[in-house]
Amino acid sequence: MLIYPAIKENKAAGRKSFALLVDPDGHDTAYFEHVSELGLEAGIDFFFVGGSLIADDVLELCLSVIRSKTNIPVVIFPGSSMQINPNADAILFLSLISGRNAEMLIGRQVTAAPYLKKSGLEVISTGYMLIDSGRSTTALYMSNTQPIPADKPQIAACTALAGAMLGLSVIYLDGGSGADNPVSVDIISAVKEMVEVPIIVGGGIRTQQQAVDACRAGADVIVVGNAAEKDPGLLKGLVQAVHNC
Ligand code: 1GP
């Protein structure tokens, strides 16, 4: 199944999608089986798999367990250029367009490109934007960049527009893993007004209301990681809230 056409089709039909983010770091087969079942029960649309510090063999294990337990599409959300693995359906090919670190804008992508070509993965070019969420996050530290200030929707909108004009297929607005505050509706709606490409929103979403607010402001795909890992009981409600938007 091709993922990007599915995301676009959902967007065109006004259907919101839910992605469960799984960070394989420090986990084992039993955990990946548990997460697969959770995803199935809750009716998620996608697994996003990735993290800042994962070793190659755990990524492989995570992907193969999810693949063996479910038919839910799996998208790699890479924390580094080493996280390329053919056992997924697609990969978000990220350019960190909110930052001014050349390595994150184009450097790592040059190194990764030939491996991606060989992998056969569907490559989804992604304008990745970190939005200030009130505290430093792993993504900020690891990327050595500054986030877009939370009270500057115009900067976010123009950044997304430039990304779309450069041909990027989706915009990912991220408050960062475990963010104190999710990306604000002001930022999401300013971006939505400016671009027609699908918008993915994640980072710090913990409640149904936050997910619904993000969808109503213009998010097409909601990504949740930490909240579901800490309290798996939340997942079903979050997915339903997104699907009912
Ligand atoms: C982080 O967007 C993801 O890159 C999800 O964040 O783990 O805070 O849900 P959370």
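In this chain, numbering begins with 1 at the start of the sequence shown. In listed order, ligands and their atoms are each counted from 1. Heavy-atom basis, side chains included; hydrogens, waters and symmetry copies ignored.
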Give a yes or no answer on whether the side chain of E122 reaches the backbone of I3 with a donor-acceptor pair at less than 3.5 Å. yes

Can you name the residues that come within less than 4.0 Å of ligand 1, going by heavy atoms only? L21, F77, Y172, D174, G176, S177, G178, G202, G203, G204, V224, G225, N226

Taking only residues two or more places apart in sequence, or in another chain, which ones meet R67 in a salt bridge (Lys or Arg N to Asp or Glu O under 4.0 Å)? D89

Contacts of type side chain to side chain donor-acceptor pair (under 3.5 Å), residue R100, not counting sequence neighbours: none

Kindly state each residue pair satisfying side chain to side chain donor-acceptor pair (under 3.5 Å) with at least one member in residues 181-201, sequence neighbours excluded. none

Verify whether one side chain among S169 and S125 offers a donor that lies under 3.5 Å from an acceptor in the other. yes

Over 60° means perpendicular and under 30° means parallel, so tell me whether H34 and Y31 are parallel, tilted or perpendicular. tilted

